[in-house]
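Okay, structure first, notes after.
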Amino acid sequence: MRNNASSSNSTVDESVVVDCGRRRSSCGYCRSPHRTSISHGLWARSLTVGDYQALLDRGWRRSGCFLYKPEMEKTCCPSYTIRLKANDFVPSKEQLRVSRRLQRFLDGSLDNKGVSVLEDPITSNKSESFPHLKLSNPTSEISLYASSKEQNEVEKSLQDLSDQIDMIVKMFNEMGEFPSGIQLPKASVRKVTQSKKKLLVNGSEDLLYSSNIAFQIAASIKRAQSGNKDGNNFKLSTDCVTENESCPKLIAEKLVTSLDQIVNNSGLSIKACNGHINFYSSSKQVSTGGSVQNITEPKTSGTKHGNGGKCLISPQHCQVKRKKLEIHLSRSNFDPEEFALYRRYQLKVHNDKPDHVTEDSYRRFLVDTPLLHVYPTGDSTVPPSGFGSFHQQYLIDGQLVAVGVVDILPNCLSSKYLFWDPDFAFLSLGKYSALQEIGWVKENEVYCPSLQHYYLGYYIHSCNKMRYKAAYRPSELLCPLRYQWVPFDIARPLLDTKRYVILSDYSIIENGEPSLPQVSDDVIEGKLDDIGHEDANDVPMDEDEERVESESESSDDDTSLETTSYSEPENGDISKILLGFRGNVRYKNLRNAIDPEQRSYLESQLKKYMRVVGPELAERMVYSLS
């Protein structure tokens, strides 16, 4: 049976697997010295992306070309597949902080050790957004959701700008530039909405904030003029006094001239425009015709306090070169630079022994893939990248700092592994890459509507290092028996009571059972985020250690190891299983040609195979006998 997601560009169009049966090994999560990790294994010679998607949705995972599914009831660390729908994702405060921290590093306000180079820095007044992704696909910008904390920081920045204007207005008043006795208004700098930008100035896509203080001062002058006809105290031009429309314009230009000297290190450009005082992002040259100050980078500086009140930080702190972040997505292949980074990461972060981190083991774990690549078709069924296995490189100023290994499948992006430069640990690149990958799913759903989810691998509630995955919310866990997706907030109290849970039985709690202690979302978020082990990846599987001979541990003679998934099989007919033996043939057409003793053993293996992969996949994938 041909899978609709298989590649028409490939000469091989089917999944071919070798059943490795049950296997025992030492556990890479709890570090048990005994062979307490129990799973079922398959060796994939080829695998369509549609079949691998179906396997993921039954609790399978791959390590190179080796596929494995934990036997949840018996293994030491039950591993629940976890995913989230990208469009429903709401970043936590910590995740937003990670994005802001990297943005500050790119802007130059953090040094290579993660130490601020500013005095009393204020977080950027612009909404944080990801840099453009430079993939083999069209580039795009992925923006994070605004948080209440970000809003407070923006308001603080606006207040600082308002205070600067008030300081200049007060100075002008003390110098006699305004009529004596007038009541000076307080300046208010406001964020300019998208709908109002065109009303203020053409080509104002970089316009951020504006103040109408000049109009308020002009109104105060007019009121003072009507009560003081001699006008001797006015130092503005006669045109300003007699022509109401000119007053705001002249006042704004006068204020901007002085503000230039103060704001020129704030990361903004300032311009008087028809009486308005406008603040621009200086990433693009503002049109000429007014008083303009261009700064290299668009970021709000911090403030420092002195005898003269508030003033912006000194220029030497702001004259920094902006760093460039590039993200490249390419098909899985061996890259010496990537391997060098991987080796350094494993040695320094995971303390692996040098002789264990070899090029061969790296290839088997993160380069080799059984997935058949599917090229884009342009018909809304495949994203521009295609389907298959990919490496996503993160480069800062051309230096490779992280690599994410991912599988792009018909319904999801599955995150497999991430390794990063230990010198950049302060940037929390594990968390940042997850945000990027979630954003990638969101933007590519436009090209492939079925691609909606982000899979984070296995969630292991009994392993603190793996709990961070639940901080990406709202997430779901896969029920290990019925393969239904259960919201994490429902699964969590169940997992607090025992390691192995049939999650789809959560209705027991909903239907009147005593409820477990409730914990607020903020507390849950804090516990999950504070773990901070974003480097806790999947454990590498080595086929030489993990594959076991069927006559030993795969024989399943040990009835004590029978699991719930084995004892409650789905309906299926093993006679329909597709076998690879001198071509492809259904078992029912080969059964009578097999010796009765061998037939009995083979049928016991086929039953277990059908139970772990399900009837549909058992009838579709080729079960190789060679």
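For the single chain, residues carry numbers from 1 onward in sequence order.
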Quiz prompt | R473 and D88 ion-paired at < 4.0 Å | solution = no
Quiz item: Salt bridge check: are D421 and R344 linked by an N-O gap of less than 4.0 Å?
Solution: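 A salt bridge links D421 with R344.
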Partners meeting side-chain contact (heavy atoms from CB on, under 4.5 Å) with [X] (sequence neighbours left out):
X: L395; answer: H328, Q393, L400
X: S475; answer: I82, L84, F488
X: R599; answer: Y587, R591, I594, P596, E603
X: D379; answer: T377, T381

Self-check item: With E337 via salt bridge (Lys or Arg N to Asp or Glu O under 4.0 Å) - residues at least two apart
Solution: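 Result, salt bridge (Lys or Arg N to Asp or Glu O under 4.0 Å) vs E337: none returned.
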Which residues satisfy the side-chain hydrogen bond (donor to acceptor under 3.5 Å, both in side chains) test with [X], sequence neighbours excluded?
X: Y80; value: none
X: S462; value: none
X: R343; value: none
X: D57; value: Q53, Y455

Self-check item: Minimal non-hydrogen separation, S330 against N333, with atom names
Solution: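 The pair with the smallest heavy-atom distance is OG-ND2, 4.3 Å.
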Are the side chains of [X] and [Y] in touch, meaning some heavy atoms are under 4.5 Å apart?
X: M621; Y: V613; result: yes
X: D19; Y: H40; result: yes
X: N444; Y: P384; result: yes
X: Q95; Y: Y472; result: yes

Quiz item: Do we get R363 above F334's six-membered ring, with its NZ or CZ under 6.0 Å from the centre and within 45° of the axis?
Solution: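 Yes.
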Can you list everything that forms a ring-ring contact (aromatic ring centres under 6.0 Å, His included) with [X]? Sequence neighbours excluded, please.
X: F390; result: H373
X: H461; result: Y459
X: Y454; result: none

